[in-house]
Amino acid sequence: MTPDVRDRIVRPTARVPAQQDRVSEATWGRVADLIGQAGEVALACHVSPDGDALGSMLAVAQVLRGQGKRVHASFGDRVFSVPRLLRFLPGLDLLEPPAAFPDEPELMLTFDSSTLDRLGLLAANAGKAREVVVFDHHPSNHGFGTVSVIDPTVAATAVLAEQLIYRLGGSLDRDIATCLYAGLVTDTGSFRHSSTTPAVHQMAARLVATGLRTDEIARELWDRSPFGYLKVLAAALERAALEDDLVWTYVTHVDRATYGLPYDEVEGIIDVVRRTDEAEVAVVLKEDDHGDWQVSTRSKGAVDVAAICSALGGGGHHNAAGYTSRLGVEETMAEFRALLRKA
Ligand code: AMP
Ligand code: MN
Ligand code: MN
């Protein structure tokens, strides 16, 4: 199909698909009531948002705006900036910095955040909100709000966001579908991870039917970067170490500063490192702009990296998890190795 033809079949989905999650009808009903009664809805996703966090939030924000709600949407990073690779998402005009977020929201919805901490600066607002509905799919999330829409069996928070949209009487247009699709492709690793069920492909089919451009979304998310990325990637790969079944490397602030590379540009390095055949576990330490190390970990299945990262104050999924370390590179790795040996 040529892009021209695809562009012309922009149509909202009229039919509401079967539920794909394990959230009870009573919970969905309560959520619909809360939103129906609210004049203003405050939406937040986790800090350093990925496609699932920001995409899920912006999809719902656009639907709520269309229904005449006053909408606030934000994430609690100390330096508020949308990661470059997500700047193609429709609805960015709805975003505002955390300082503009309601101090004591009447109704707050959180997306893809497994803990209160992951809301960063907005954790304080959640603490004061009258109602907090938590939309998430992290197995470690036991609910930090007043209502939990949490299902660890779904591939992405975007699955729950789509279901919410139908339950609010909304429908998908190309912009809303683009946001949901960004969440679905990000969290399934482009439909490669084991979370890629028939339901995931069925949802993708509904989204693509709105006329969204899968080629353009893929290019924005994975196939472009500033030239400096090549140099920083080269430095990181040069330092990569293979220790038994662990492969790891690190990227310093200085590496990035040399090429003016923002932090979010190096998030994908783990995807190169984790391909190492000899390793079961891959780790990339990324120094952020505050001098902390953001640790990305990946497993091929034998090791539960979420358990290790949770023990170190972070979280995530069995095969993809992370945490923040304020130690140096060697100390961070020593701590990680010790837990890995026990795992
Ligand atoms: P990343 O390595 O940043 O792509 O993150 C992989 C997974 O780990 C994601 O599902 C995140 O939700 C989770 N994760 C990453 N960093 C943290 C953190 N500091 N605290 C809790 N979970 C995290
Ligand atoms: Mn996420
Ligand atoms: Mn997610």
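In each ligand, atom 1 is the first atom listed, and ligand 1 is the first ligand listed. What you are looking at is a predicted structure, and each value in this text was computed from that prediction instead of being measured.
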Quick one: which ligand 1 atoms are inside 4.0 Å of a heavy atom on [X]?
{"X": "R298", "value": "1 (P), 2 (O), 4 (O), 6 (C)"}
{"X": "H317", "value": "10 (O)"}
{"X": "G316", "value": "8 (O), 13 (C)"}
{"X": "T324", "value": "19 (N)"}
{"X": "G314", "value": "20 (N), 21 (C)"}

Which residue and atom name correspond to the protein heavy atom nearest [atom], and how close is it?
{"atom": "atom 9 (C) of ligand 1", "value": "H138 NE2, 4.3 Å"}
{"atom": "atom 21 (C) of ligand 1", "value": "G315 N, 3.2 Å"}
{"atom": "atom 7 (C) of ligand 1", "value": "A320 O, 3.4 Å"}
{"atom": "atom 11 (C) of ligand 1", "value": "R118 NH2, 3.7 Å"}

Taking distance alone, no hydrogens or angles, what donor-acceptor pairs closer than 3.5 Å link side-chain atoms of residues 99-110 to residues at least two apart or in another chain?
unit_1, atom_1, unit_2, atom_2, d
D103, OD1, K128, NZ, 3.2
D103, OD2, K128, NZ, 3.3

Donor-acceptor side-chain pairing of [X] and [Y] below 3.5 angstrom:
{"X": "T332", "Y": "S325", "answer": "yes"}
{"X": "D271", "Y": "W222", "answer": "no"}
{"X": "S225", "Y": "E265", "answer": "no"}
{"X": "D292", "Y": "H290", "answer": "no"}
{"X": "T157", "Y": "D112", "answer": "yes"}
{"X": "D255", "Y": "T252", "answer": "yes"}

query: Looking at the Mn ion (ligand 2), is one of the N, O or S atoms of C45 less than 2.8 Å from it?
result: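 So C45 does not bind the Mn ion (ligand 2) by this criterion.
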- request: Please state whether I270 comes within less than 4.0 angstrom of ligand 1, counting heavy atoms only.
  value: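 No heavy atom of I270 comes that close to ligand 1.
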- request: Determine, using heavy atoms of H46 and all atoms of ligand 1, whether some pair is separated by less than 4.0 Å.
  value: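 No; H46 lies far enough from ligand 1 that no heavy-atom distance drops under 4.0 Å.
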message: With a sphere of 6.0 Å drawn around CZ of R239, does it hold more than 12 non-hydrogen atoms of other residues, nucleotides or ligands?
response: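 Yes.
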field: Plane angle bin for W293 and Y250 - parallel if under 30°, tilted between 30 and 60°, otherwise perpendicular
entry: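 If you compare the ring of Y250 with that of W293, the planes turn out perpendicular.
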Can you confirm, on distance only, whether ligand 1 has an N/O atom lying under 3.5 Å from any N/O atom belonging to [X]?
{"X": "S296", "result": "yes"}
{"X": "Q294", "result": "no"}
{"X": "G322", "result": "yes"}

field: Sequence neighbours excluded, every pair satisfying side chain to side chain donor-acceptor pair (under 3.5 Å) that has a member inside residues 192-205
entry: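 Every pair satisfying side chain to side chain donor-acceptor pair (under 3.5 Å) with a residue in residues 192-205: there are none.
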Over-ring placement of R256 relative to Y263, 6.0 Å and 45° cut-offs: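 The answer is no; the distance or angle limit is not met.
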message: Of all the N, O or S atoms in H46, which has the shortest distance to the Mn ion (ligand 2)?
response: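 Per the distance ranking, H46 contributes NE2 as its closest N/O/S atom to the Mn ion (ligand 2).
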query: Which N, O or S atoms belonging to the protein are less than 2.8 Å from the Mn ion (ligand 3)?
result: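 Near the Mn ion (ligand 3), the protein supplies D52 OD2, D112 OD1, H137 NE2, D187 OD2.
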task: Please check if the distance between the ring centroids of Y259 and Y229 is under 6.0 Å.
output: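 Judged by ring-centre distance (under 6.0 Å), Y259 and Y229 do not meet the cut-off.
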message: My understanding is that only residues two or more places apart in sequence, or in another chain, count here; which of them pass side chain to side chain donor-acceptor pair (under 3.5 Å) with N125?
response: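 For N125 there are no side chain to side chain donor-acceptor pair (under 3.5 Å) partners, ignoring immediate neighbours.
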- prompt: Linking I/L/V/M/F/W/Y whenever any side-chain heavy atoms sit under 4.5 Å apart, do V247 and L339 land together?
  reply: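 No, it is not one cluster - the side chains of V247 and L339 are not joined through contacts under 4.5 Å.
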